[in-house]
Protein chains: 2
Amino acid sequence: MEDGTSKSPGYCGDTADLYDVLQWDTRQDCEVRQILDRIADKWSLLVIALLDQQSLRFTELRRRIDGISQRMLARTLRHLERDGLVSRTVHPSVPPRVDYELTPLGATLHHTIRALVTWTEEHQREIAYARSAYDARVAAEQEAMEREAAQRDAIAREVLAAGAARVTRTSADSRPR
Amino acid sequence: MEDGTSKSPGYCGDTADLYDVLQWDTRQDCEVRQILDRIADKWSLLVIALLDQQSLRFTELRRRIDGISQRMLARTLRHLERDGLVSRTVHPSVPPRVDYELTPLGATLHHTIRALVTWTEEHQREIAYARSAYDARVAAEQEAMEREAAQRDAIAREVLAAGAARVTRTSADSRPR
DNA sequence: CGGAATCCGCCACGATACTG
DNA sequence: CAGTATCGTGGCGGATTCCG
C-alpha cells in the first residue's frame, strides 16, 4: 500500500460535533488539516478541475496535466477515490478502459476550489507587486549591510596599519635597553 | 536567504491577462498554482485564521498553533509578509516586541479560506465514511487474494507430491533395466 | 492501456544551538 | 523575546521496469 493516510496518533477524535467555529484554530490539527492538505494538493486541484467538465480516462488526464508523472497521477486518483471525491469505472474491454469522474461530493468541492482559485487570480497582481516590493526592500537592506561591512573593514585595516607602525617604533626604542 | 520562492524556470509569464477562466486547467502551472500552494499551506492557513481575530506577537502565535517549530513559523510569517498578506511591526523596546496582523489583502483571503475550511468541516464525516468504505473494500480484496493464493499453493503442493510419487515409482521400474 | 513495484535523489521539515 | 544558522532525516516525487 506504500504510504496511506497513516492514521496518525494525533487523531484528536470527533467527540465535539458542535465546536465553536470561531475556535477551529487550535484543535484543528486533527482531521480537518489533513483533509485540507490533501485536497489543496497541487495535483488534486488540477484533477478535480479537469473532471468537473467531463469524465476522463487515465491517459487523457495524463496528457492534459502534462508535467505529472504516472505515479503521482495514480496516487492522486486513488486518494481522491478513497475520499469519495471521484469515482473509478472499469470497462472490461481490450484494451482496458478506465473512466474517472467527479462524485456529487467532489462536485461540491469544485465550487469551493474555484472560489479559491478565483481569489488567487484576482489578487495575483497585488501579490506580485507586494513580492517585488519586499524583495527590493530586502535587497536594499543587504546592500546597506555590505557597504557598512566594507567601511568597517577599511577602518580596521587602517587602525591595524597604524598599530603595526607604532609597535615597530616601540620595539626599536626598547631594544637598546 | 535559505530557500525562497525559487522563481522556477517554468514561469509562464502573465502575457495573457484575459485568459478563459474555464481553461485555467492546463496553463495554470505558472504563478497561480504557486500562490495557491503557498496560501493553502497547512501553517499559512492557521496563521491567517488566527490573525483575523487580532494582531499577535511571535510567541503568542507559537503557543497557539502548538506543533509548529519556530523555524516554520518564521518562514511562514516571512512568506506571508512577502506576499503582502500580513504586516510585521517592530516595537523598539526591551525585550523586543514584534506584532503581526492581517493586511486588507490578507483579510479578503480569510473569507475564502474560511469557506474552504467550512466545506471541509461540513463534509468531514462523508469523507471519513468514504475512506473506511474504501479501506474495507481493499482489505476484503486483499484477503480474497490471499485465500486464492493459499488455495493455489495447496494445489501446487498436492500436484508436486503426486508427481514425486510417480517419479519414484518410475525410477524404481526403470532401475532393473 | 492502466496501473503496481522498485530504486533513488533531493529538499522540506524538525530539533538544536547560537545571536542580538 | 525574536529570530538566524546548521545539521540530520523522512518522505515526496520522478524515472524505470514489469504485469494483466
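Letters A, B, ... mirror the listed sequences (proteins, then strands); counts begin at 1.
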Separation of [X] atom [atom1] from [N] atom [atom2], in whole Å?
| X | N | atom1 | atom2 | result |
| --- | --- | --- | --- | --- |
| Arg75(B) | dT6(D) | CZ | C1' | 15 Å |
| Leu61(B) | dC1(D) | CG | P | 14 Å |
| Phe58(B) | dG3(D) | CZ | P | 6 Å |
| Leu77(B) | dG3(D) | CG | P | 7 Å |
| Trp43(A) | dC12(D) | CH2 | P | 15 Å |
| Met72(A) | dT16(D) | CE | P | 17 Å |
| Glu60(B) | dG3(D) | CD | P | 13 Å |
| Arg62(A) | dG13(D) | CZ | P | 16 Å |

Quick check on DNA chain D: between Gln70(B) and Ser69(A), whose nearest nucleotide comes earlier from the 5' end?
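That would be Gln70(B).
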At less than 4.0 Å, is any side-chain N or O atom of Arg78(A) found next to OP1 or OP2 of dA4(C)? Yes or no.
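The answer is yes; a side-chain N or O of Arg78(A) sits under 4.0 Å from OP1 or OP2.
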Is Arg57(B) close enough to dA2(D) that one of its side-chain N or O atoms is under 4.0 Å from OP1 or OP2 there?
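So the side chain of Arg57(B) is within the cut-off, an N or O lying under 4.0 Å from OP1 or OP2 of dA2(D).
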As a test of understanding, state which of Met72(A), Arg64(A), Gln70(A) forms a side-chain contact (heavy atoms from CB on, under 4.5 Å) with Ile68(A).
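Of the listed options, the one satisfying the test is Met72(A).
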Nearest-nucleotide pick for Thr59(B), side chain only, options being dC1(D), dG3(C), dG3(D)
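Of the options given, the side chain of Thr59(B) lies nearest dC1(D).
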Nucleotide of dA4(C), dC1(C), dG3(D) approaching Ala74(A) most closely (side-chain heavy atoms)
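Selected nucleotide (nearest to the side chain): dA4(C).
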Before accepting this row, confirm whether a basic side-chain N of the pair Asp135(A)/Arg82(B) lies closer than 4.0 Å to the acidic partner's carboxylate O.
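Counted as a salt bridge, because a side-chain N and a carboxylate O are separated by less than 4.0 Å.
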Can you tell whether the side chains of Arg57(A) and Glu101(A) come within less than 4.0 Å, N to carboxylate O?
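Result for this pair is no, no salt bridge flagged.
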Would you please name every residue forming a salt bridge (charged side-chain N to carboxylate O under 4.0 Å, His left out) with Arg97(A), sequence neighbours left out?
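By the salt bridge (charged side-chain N to carboxylate O under 4.0 Å, His left out) rule, Arg97(A) matches Asp99(A).
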Any chance you could measure Ile39(A), atom CD1, to Thr112(A), atom OG1, to the nearest 0.5 Å?
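OG1 of Thr112(A) is found 8.0 Å from CD1 of Ile39(A).
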Please tell me which of Val98(A) and Gly67(B) maps to the more 5' nucleotide of DNA chain C, matching each residue to the nucleotide holding its nearest heavy atom.
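Looking at the nearest nucleotide for each, Val98(A) comes out on the 5' side.
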